[in-house]
**Student:** 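Here's a structure for you.
Owing to the predicted nature of the structure, the values given are computational and were not obtained by experimental measurement.
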Amino acid sequence: MTHIKNTSLYDYDIIVVGAGHAGCEAASAAARMGQKTLLITMDMTKMAAMSCNPAVGGVAKGQIVREIDALGGRMARITDHSTIQFRMLNRSKGAAMWSPRAQCDKARFSALWREELENTDNLFLWQDNVVALLLGEADRRGSEEGKIASVRGVRTQMGVEFTAKAVVLTNGTFLGGLMHCGEAHAEGGRAGDAASIGLSGQLRELGFALARMKTGTPARIDGRTVDFAALERQDGDEHPSKFSFSADTQAVTEQMPCYLVYTSPEVHATLRAAFDRSPLFNGTIQGIGPRYCPSIEDKLRTFAEKEQHQLFLEPEGRTTHEYYLNGFSSSLPQEVQTEALRKIRGLENVHIYRPGYAIEYDYFPPTQLYHSLETKLISRLYFAGQINGTTGYEEAAAQGLVAGINAARALQGYEPVVLQRDEAYIGVLIDDLVTKGVDEPYRMFTSRAEYRILLRSDNADRRLTPIGHELGLITDAEWQKYEEKKSLVESLISYAEQRSVRITEINDYLISHNLEPLQQGRKLYSLIMRNDFSFATLIEALPSLRHFIEKEAMSDEVVECAEIEIKYRGYIEREKLLAEKLRRLENIAIPAEFDFMAMSAITIEARQKLSRIRPRTIGQASRIPGVSPADINVLLIKFGR
C-alpha cells in the first residue's frame, strides 16, 4: 500500500467536483502532475459509473479514447481490464473510419476506477455534495482581464469548506436533475441518486448563462427471462484488439455475445397509444434532447412509416443477469414500457429491473469558456463534461483530462495545452464547444473533423504521446516503449521502400490467387500501396519479408501501422498541407479586449457574435456560425494578413 500524507484536511491545490468520467480523468491527471488534489463525489461507490450503456468507444468515440490513452489518461486501460466484448467498427471502410468499441463489465469498470484513484499519489477523496463556490477578488494579470472573481474553494452540503487555487466542475446530469417516467417525476441526477442543488443558482447570479438539456436511458432487463434462442446473436471480433497502447493491458480472451432485437407494428401501436402520457410530448419536459440518439417515442414519430426498429441487447457484466436494451430509451409510464417489451420476439416473458426514464439537467453554454476549459468569468474555474452540453462517457473523459491538465499547468505557471483540430478529435471537440456552442447534447462524429485521415485511431500515440510525456503523464518506461514501436514502424516502411520484388518471386503466387501478374519488378512499397496487396498476403509469397518481420520481432500492431502509413501516404500528405495552410489563421492573434462593435465594416451579426465569444485568433473567428468569409477578410486586413 502507498502511504501519503495530507498535512491539511481542508487546503488543496485543485478540487475536482464530481467523480464521473470527466472528474476521474481530471483528478487523476492533476494529481499525477504533482498537484495536491481533492476529488469530491456524492457516492464513492459509483466512480465513473456507466449510467447509460455499458460500453466504451464507437465511431469517433473510439478515436477519442485512444487519444486519452496517448496523453496519459486512464480510460483505455480500465476499459481493457473490464472488456467483455471487443469490435473494431467500420473495418470494411478505410483506416480513418476504423473505430474500436468495447462492451464492458460496468461494475468492474467502476471498481477499477476507484482502485486507480485510491492508489494515486497526491489524490484525496471526500464524499459530500458541493453546494457553493468560495470566491475571492479577480486576479487582474494579463489574460485575466475581464474576470469578475477568482475561485478559492468550495462549500459542501455538510457545511465543510475546502480551499484550493483551482476548481474543476464535472457535475454531469446532477445540477438541478429531474427524472421523468410517465406521470411520475423525481429530483435526482441518476436513478437512486440525489440531484445537486445550489451551484446552478450561484453561477447564474454571477452572470453565467444557463439552460436545460434532456437525455434518457432504456429499461434494464433480467436475462433469465429472455428467450435468447429467438434472438439474433452478435459476437465480438474473432481476433479482438484493445484500446490502450500500454503493454500493461491485454486483449479480451473470453467474450460475451450481444443480441439483435426488433420492434414490430404491435409494439409501435402499444407505445403510440400512450403518447398522451409521454412527458416528452405533453410539454412536461422542456430540455433539449439528442437528435442522434432519440427515444423510442421520437423514433416512432420521426420515422412513422417504419414497421420495425433494430435494438441491441447488451450484457452489463460477467456476474450479472442484467442487460441493457440499446435503442429503446423511453420516458413513457413503466407499465406501458413493460407491455410493449413483452410484444417483442424473445421478450414475451421479460422481467425488468427498472424502467427507462428521461432526465433534465442544467448545463452552461460552453462559449463561456476558453479553449483551456477555464471559464471567462471566474479565474481558475474549469468546466468539463455534460456541464458543457456534451453527452457520452468519452467526450466527458476527454474534457476532464484537458481541464485537469490545464488547471495543473496554470498553477505551475505554464501556458495551457490546446490541441488543434488537425492534432486530435479532442481538439475538434473542444474547439466546436467553445467556438460554436451547442443547441443539442454534443456528440462526436467523424464528420465533425476536417482531417479524418490524420486523426486515425491507429496513430493516436504518434500524434499525442510526446505531449503526454512532456506533461509527465507518460512515464519514461512508457516513452521508451513508444520510441521502440515508432522505430519499428519506420524500419518496416524503409524496408518496403528499398526492397525490390522480382517478377520471378511473385508471379507464381499472383497467378495461383487469380491476381494479375507483374510485367516488371516493383518495389515492395508500391505493391503495398495497391488495394489487393497487404503485408499479410505478401508474407506468403516472400519468405524474406516474413524473416525480416520475425527477426525484428514486429507485432501485428506495428505491421498494421506501417501498412496504413504506406497505403494512405498521398492522402496524408495532402491533408497535412491543407491543415498547414489553415493553421496560419491560428497564428494571427486578436487582442483580448478588442472592440468588435466598433468595426462598421463587418455585419451586425458578426459583431455581436464576435463580441460574445471573443475569439483569440482569426482561425477561431472563421469557425463561428454567422461570421462570413467577407467578415474574416476585414479582420485579416485589420490584424495583418
**Student:** Are there over 12 heavy-atom neighbours, none belonging to Glu254, within less than 6.0 Å of that residue's CD?
**Tutor:**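 At most 12 heavy atoms, drawn from other residues, nucleotides or ligands, come within 6.0 Å of this atom.
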**Student:** Please report the closest heavy-atom contact between Gly189 and Thr173, naming both atoms and the distance.
**Tutor:**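 Result for this residue pair: O-OG1, 2.6 Å.
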**Student:** Please answer whether the main-chain N or O of Arg108 pairs with a side-chain N or O of Asp105 as donor and acceptor at a distance below 3.5 Å.
**Tutor:**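 A pair under 3.5 Å: yes.
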**Student:** With no hydrogens and no angle check, is any side-chain donor or acceptor of Glu360 less than 3.5 Å from a backbone partner on Lys214?
**Tutor:**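 It does not hold such a pair.
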**Student:** Determine whether more than 12 heavy atoms belonging to other residues, nucleotides or ligands lie under 6.0 Å from atom CD of Glu238.
**Tutor:**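 Atom CD in Glu238 is not crowded, with 12 or fewer foreign heavy atoms closer than 6.0 Å.
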**Student:** Is the closest side-chain donor-acceptor distance between Asn349 and Thr225 under 3.5 Å?
**Tutor:**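 Result is no, nothing qualifies.
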**Student:** Can you give me the closest heavy-atom contact between Val154 and Val17, atom names plus distance?
**Tutor:**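 Closest approach of Val154 to Val17: CG1-CG2, 4.3 Å.
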**Student:** Are the side chain of Thr390 and the backbone N or O of Gly385 linked by a donor-acceptor pair below 3.5 Å?
**Tutor:**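 Present.
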**Student:** Testing Ile613, Val434, Leu381 one by one against Lys376 for a side chain to side chain contact (heavy atoms under 4.5 Å, CB included), which residue passes?
**Tutor:**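 Of all the options given, the one that passes is Ile613.
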**Student:** Please check if any side-chain donor atom of Ser200 sits under 3.5 Å from a side-chain acceptor atom of Asp362, or the reverse.
**Tutor:**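 Asp362 and Ser200 do have a side-chain donor-acceptor pair below 3.5 Å.
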**Student:** Is there a side chain to side chain contact (heavy atoms under 4.5 Å, CB included) between Leu260 and Phe312? Walk through the geometry before answering.
**Tutor:** CA-CA 5 Å; Leu260 296 180; Phe312 297 88; 3.0 Å; yes
**Student:** According to the interplanar angle, ranging from 0 to 90°, do the rings of Phe228 and Tyr323 count as parallel (below 30°), tilted (30 to 60°) or perpendicular (above 60°)?
**Tutor:**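 If you compare the ring of Phe228 with that of Tyr323, the planes turn out tilted.
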**Student:** Please answer whether the main-chain N or O of Ala449 pairs with a side-chain N or O of Arg452 as donor and acceptor at a distance below 3.5 Å.
**Tutor:**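 Yes, the answer is positive, given that a donor and an acceptor are paired below the 3.5 Å cut-off.
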**Student:** Between Arg74 and Glu116, is there a salt bridge with N-O shorter than 4.0 Å?
**Tutor:**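 Result for this pair is yes, salt bridge flagged.
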**Student:** For the residue pair Asn53 / Glu314, report whether a side-chain donor-acceptor contact shorter than 3.5 Å exists.
**Tutor:**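 There is no such pair (donor and acceptor under 3.5 Å, judged by atom type) between the side chains of Glu314 and Asn53.
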**Student:** Evaluate whether atom CD of Glu187 has more than 12 neighbouring non-hydrogen atoms of other residues, nucleotides or ligands under 6.0 angstrom away.
**Tutor:**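 Open.
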**Student:** For the side chain to side chain contact (heavy atoms under 4.5 Å, CB included) test, which of Ile344, Leu313, Leu311 pairs with Leu231?
**Tutor:**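 The single option meeting the side chain to side chain contact (heavy atoms under 4.5 Å, CB included) with Leu231 is Leu313.
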**Student:** Ignoring hydrogens and geometry, is there a side-chain-to-backbone donor-acceptor pair from Arg220 to Pro218 under 3.5 Å?
**Tutor:**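 Such a contact is found between Arg220 side chain and Pro218 backbone.
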**Student:** Is any side-chain heavy atom of Leu332 less than 4.5 Å from a side-chain heavy atom of Leu271?
**Tutor:**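 SC-SC contact between Leu332 and Leu271 confirmed.
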**Student:** Mark yes or no: Arg345 above the aromatic ring of Tyr262, with NZ or CZ under 6.0 Å from the six-membered ring centre and no more than 45 degrees from the axis.
**Tutor:**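 Cation-pi check for Arg345 and Tyr262: fails.
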**Student:** For the CZ atom on Arg155, are there more than 12 heavy atoms of other groups (residues, nucleotides or ligands in this structure) within a distance under 6.0 Å?
**Tutor:**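 Open.
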**Student:** Give a yes-or-no answer on whether the side chains of Gln368 and Thr375 include a donor-acceptor pair shorter than 3.5 Å.
**Tutor:**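 Judged by distance alone, the side chains do not pair up.
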**Student:** Aromatic rings His185 and His180: how do their planes relate, parallel, tilted or perpendicular, breaks at 30° and 60°?
**Tutor:**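 Geometry flag for His180 against His185: perpendicular rings.
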**Student:** Taking the six-membered ring for Trp, are the ring centroids of His268 and Phe303 within less than 6.0 Å of each other?
**Tutor:**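 Between Phe303 and His268, which both carry aromatic rings, the centre distance is not below 6.0 Å.
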**Student:** Is the ring centre of Phe383 less than 6.0 Å from the ring centre of Phe208?
**Tutor:**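 Distance test on ring centres: under 6.0 Å, yes.
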**Student:** Under a 4.0 Å N-O cut-off, is there an ion pair linking Arg114 with Glu118?
**Tutor:**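 A salt bridge is present here (some side-chain N lies under 4.0 Å from a carboxylate O).
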**Student:** Could you go through Met47 and Met44, starting from their C-alpha distance and side-chain angles, then the distance that decides it, and tell me whether this counts as side chain to side chain contact (heavy atoms under 4.5 Å, CB included)?
**Tutor:** CA-CA 6 Å; Met47 302 289 195; Met44 286 176 54; 4.1 Å; yes
**Student:** Can you find a heavy atom in the side chain of Phe86 that is under 4.5 Å from one in the side chain of Asp80?
**Tutor:**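 SC-SC contact between Phe86 and Asp80 ruled out.
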**Student:** Tell me whether Thr263 contacts the main-chain N or O of Val267 through its side chain, where contact means a donor paired with an acceptor under 3.5 Å.
**Tutor:**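 Looks like no, no N/O pair under 3.5 Å.
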**Student:** Verify, without hydrogens or angle tests, whether Arg101 (side chain) and Val59 (backbone) share a donor-acceptor contact under 3.5 angstrom.
**Tutor:**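 No.
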**Student:** Counting only heavy atoms from other residues, nucleotides and ligands, does the tally under 6.0 Å from CD of Glu450 exceed 12?
**Tutor:**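 For Glu450, atom CD is crowded (more than 12 foreign heavy atoms under 6.0 Å).
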**Student:** Could you tell me if Thr284 and Asn282 have a donor-acceptor pair between their side chains, going purely by distance under 3.5 Å?
**Tutor:**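 Yes.
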**Student:** For Val56 and Met50, what are the C-alpha separation, side-chain angles and deciding distance, and is it a side chain to side chain contact (heavy atoms under 4.5 Å, CB included)?
**Tutor:** CA-CA 9 Å; Val56 168; Met50 290 182 153; 3.5 Å; yes
**Student:** Any luck finding a side-chain donor-acceptor pair between Asn406 and Tyr382 under 3.5 Å?
**Tutor:**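 Judged by distance alone, the side chains do not pair up.
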**Student:** For Pro315 and Gln103, which heavy atoms make the closest approach, and how far apart are they?
**Tutor:**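 Heavy-atom minimum between the residues: O-NE2, 3.9 Å.
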**Student:** Asp432 and salt bridge (charged side-chain N to carboxylate O under 4.0 Å, His left out): which single residue from Arg443, Arg421, Arg623 fits?
**Tutor:**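 Exactly one candidate clears the test, Arg421.
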**Student:** Does a side-chain heavy-atom distance below 4.5 Å link Tyr353 with His321?
**Tutor:**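 SC-SC contact between Tyr353 and His321 confirmed.
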**Student:** Check Ile359 against Gly188 and note the closest heavy-atom contact, atom names and distance.
**Tutor:**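 So the two residues come closest at CD1-O, 3.4 Å.
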**Student:** If we count only N and O atoms by modelled type, under 3.5 Å, do the side chains of Asp298 and Thr302 hold a donor and an acceptor together?
**Tutor:**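 No donor-acceptor contact under 3.5 Å links the two side chains.
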**Student:** Under a 3.5 Å threshold, yes or no: a donor from one side chain and an acceptor from the other, between Ser51 and Arg190?
**Tutor:**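 The criterion, which ignores hydrogens and geometry beyond distance, is satisfied for Arg190 and Ser51.
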**Student:** As a test of understanding, state which of Thr446, Val428, Asp458, Leu455 forms a side chain to side chain contact (heavy atoms under 4.5 Å, CB included) with Gln63.
**Tutor:**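 The passing option is Thr446.
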**Student:** Keeping Glu67 on the side-chain end and Leu464 on the backbone end, is there a donor-acceptor pair under 3.5 Å?
**Tutor:**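 Flag not set: sc Glu67 to bb Leu464 has no pair under 3.5 Å.
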**Student:** Can you name the closest pair of heavy atoms from Pro279 and Ser331 and give their distance?
**Tutor:**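 Nearest pair, atom of Pro279 first, then Ser331: CD-O, 3.3 Å.
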**Student:** Apply side chain to side chain contact (heavy atoms under 4.5 Å, CB included) to the pair Phe109 and His21, showing each step before the final yes or no.
**Tutor:** CA-CA 11 Å; Phe109 184 92; His21 301 271; 3.5 Å; yes
**Student:** List the residues meeting side-chain contact (heavy atoms from CB on, under 4.5 Å) with Ala219, not counting sequence neighbours, and say none if there are none.
**Tutor:**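 Checked Ala219 against side-chain contact (heavy atoms from CB on, under 4.5 Å); matches are Gln337, Leu341, Ile352.
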